[in-house]
Asker: 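I have a structure here, written as structure tokens, and I will follow up with some questions on it.
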Amino acid sequence: MTNCRQIAAAMMAPGKGILAADESIATMSKRLKDNRVEPTAENRRYYREMLASAPGLSDDISGIIFCDETLKQSFSDGTPFPQAVGELGILAGIKVDTGAKACPGLDGETITEGLDDLPARLAEYAKLGAAFAKWRAVFTIGSETPTQGAIRSNANALARYAAACQQAGLVPIVEPEVLMDGSHNLAVCRDVTEEVHTAVRAELGLLNVDLAGIILKPNMVIEGDGHGRVSSPEEVAEATVTVLRSWPGALAGVAFLSGGQDPERATDNLTAMQRHSTPWPLTFSFGRALVSPALSAWQGDPDRRSDGQATLLNRVKANGAAAGLRAALR
Ligand code: 5MM
């Protein structure tokens with residue numbers, strides 16, 4: 001457990017965040033195709049190497065989350081990804097859920113799967129050099145959703161995953177994501193996020209998960225993307241921190257997902273968050289808000305590799321500055 005606490009503390013080092021580059025093969029292939037890049041295993045590998053080897057990435061990034069395919073691939077020089085990023089001063093993480101699937105008994109809601117062979121996979125990933133793991137539960141706001149069935153089933157799965165990770169010596173990133181899809185206002189997102197977090201905390205407690213050895217990866221509290229009004233960073237920060245305050249001070253830290261927000265907006269919201277005092281550090285574990293601009297800049301062209309890296313670093317540096325703001329203000 002001490003090891004998990006130390007790793008979690010390193011992941012939450014002041015001014016550093018976590019890069020989510022763990023798109024499943026299907027999602028990554030679609031994003032490559034959208035950018036007119038052939039969705040081959042080699043192009044997925046090359047793209048992740050381009051991101052991970054961006055010069056000076058470790059100044060602002062403590063860990064990178066990969067998917068199973070990438071964790072087992074190598075940099076162009078033959079060094080496996082976990083060791084290659086380790087040499088660059090970055091911890092390797094692994095997405096261990098197998099995706100959100102239709103949940104029997106629940107109409108249109110999902111349960112995130114991947115528990116069945118989890119201990120064996122965690123042991124394998126640890127051997128390959130992973131230091132931490134990630135599991136994402138997804139909740140959709142609708143007139144009748146999320147239901148108690150979806151909230152409790154997913155909260156229990158998150159806790160079972162987290163307990164298994166700590167037993168295997170891997171830090172679990174616990175990601176309950178309330179999606180931005182919908183026309184709901186910020187107050188609805190706040191209430192649903194609070195309900196989800198309450199359930200997740202209860203299940204983590206029942207399975208004796210050490211909160212000092214986990215990182216919480218929540219959505220920011222924000223209105224739906226179909227809502228007419230756009231909340232200010234101050235409103236988002238106030239509502240988000242209000243919900244998070246129910247987490248005990250022992251929690252290692254909070255690393256937000258970006259959830260489809262415009263990259264600059266996600267950074268502005270993270271910046272506003274730092275003006276609130278919390279017992280745990282707040283940072284980023286963005287996927288799209290970091291990599292989408294980089295993918296567009298690269299477009300699969302080897303001659304534009306450094307453009308892709310520069311575009312990634314631009315977003316990473318802005319978010320690193322936001323994450324380090326509180327330490328800098330002290
Ligand atoms: C990178 O995307 C992750 C999962 O992809 P799949 O849906 O293909 O499995 C996702 O879990 C991501 O790590 C988080 O949602 C954070 O990403 P965003 O883009 O919301 O910051």
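Just so you know, ligand 1 is whichever comes first in the structure, and atom 1 is the first atom listed for that ligand. Keep in mind the model is a prediction, meaning the values are calculated, not measured.
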Asker: Any atom of ligand 1 sitting under 4.0 Å from a heavy atom of Gly259?
Answerer: yes
Asker: Look at ligand 1 and say whether Lys95 reaches it with a heavy atom at a distance under 4.0 Å.
Answerer: yes
Asker: Do the side chains of Glu38 and Lys33 get close enough for a salt bridge, i.e. N-O under 4.0 angstrom?
Answerer: no
Asker: Between Thr112 and Arg136, does a side chain to side chain donor-acceptor pair (under 3.5 Å) hold up when you go through it step by step?
Answerer: CA-CA 7 Å; Thr112 299; Arg136 171 174 173 250; over 6 Å; no
Asker: Taking only Lys NZ, Arg NE, NH1 and NH2, and the carboxylate oxygens of Asp or Glu, determine whether Lys16 and Asp60 approach each other closer than 4.0 Å.
Answerer: no
Asker: What is the nearest protein non-hydrogen atom to atom 8 (O) of ligand 1, stated with its residue, atom name and distance?
Answerer: Thr27 OG1, 2.4 Å
Asker: Between Arg245 and Glu238, does any NZ, NE, NH1 or NH2 come within less than 4.0 Å of an OD or OE carboxylate oxygen?
Answerer: no
Asker: Kindly indicate whether a cation-pi arrangement holds for Arg305 with Tyr46, taking the cut-offs as under 6.0 Å to the six-membered ring centre and within 45° of the axis.
Answerer: yes
Asker: In ligand 1, which numbered atoms sit nearer than 4.0 Å to a non-hydrogen atom of Phe286?
Answerer: 21 (O)
Asker: Among all protein heavy atoms in this structure, tell me which lies nearest to atom 15 (O) of ligand 1, with the distance rounded to 0.1 Å.
Answerer: Glu175 OE2, 3.1 Å
Asker: Using a strict 4.0 Å cut-off to heavy atoms of Glu177, name the atoms of ligand 1 that fall inside it.
Answerer: 15 (O)
Asker: Run the side chain to side chain donor-acceptor pair (under 3.5 Å) test on Glu109 and Thr140 for me, step by step, so that the C-alpha distance in whole Å, both residues' side-chain angles and the decisive distance to 0.1 Å come before the verdict.
Answerer: CA-CA 8 Å; Glu109 290 185 289; Thr140 306; over 6 Å; no
Asker: Going through the checks in order, is the side chain to side chain donor-acceptor pair (under 3.5 Å) test met by Ser76 and Glu49?
Answerer: CA-CA 8 Å; Ser76 305; Glu49 178 177 348; 2.8 Å; yes
Asker: Hey, looking at atom 2 (O) of ligand 1, which of Ile173, Asp22, Leu19 has the closest heavy atom?
Answerer: Asp22
Asker: Please write down residue, atom name and distance for the protein heavy atom closest to atom 18 (P) of ligand 1.
Answerer: Ser258 OG, 3.3 Å
Asker: Show the atoms of ligand 1 that are less than 4.0 angstrom away from any heavy atom in Arg288.
Answerer: 18 (P), 19 (O), 20 (O), 21 (O)
Asker: How far is atom 12 (C) of ligand 1 from its nearest protein heavy atom, and which residue and atom name does that atom have?
Answerer: Lys134 NZ, 3.5 Å
Asker: So which protein heavy atom does atom 7 (O) of ligand 1 come closest to, and at what separation?
Answerer: Arg136 NH1, 3.7 Å
Asker: Is it the case that more than 12 heavy atoms not belonging to Asp77 sit under 6.0 Å from its CG atom?
Answerer: yes
Asker: Between Phe256 and Phe286, is the ring centroid distance below 6.0 Å?
Answerer: no
Asker: N/O of Gly287 under 3.5 Å from N/O of ligand 1, yes or no?
Answerer: yes
Asker: Has ligand 1 got any nitrogen or oxygen that is less than 3.5 angstrom from a nitrogen or oxygen of Ser285?
Answerer: no
Asker: Identify the protein heavy atom lying closest to atom 16 (C) of ligand 1, giving its residue, its atom name and the separation to 0.1 Å.
Answerer: Lys217 NZ, 3.5 Å
Asker: For Glu23 and ligand 1, does the shortest N/O to N/O distance drop below 3.5 Å?
Answerer: no
Asker: Would you check, one step at a time, whether the test side-chain contact (heavy atoms from CB on, under 4.5 Å) holds for Glu42 with Arg45?
Answerer: CA-CA 5 Å; Glu42 171 53 18; Arg45 187 205 68 75; 2.8 Å; yes
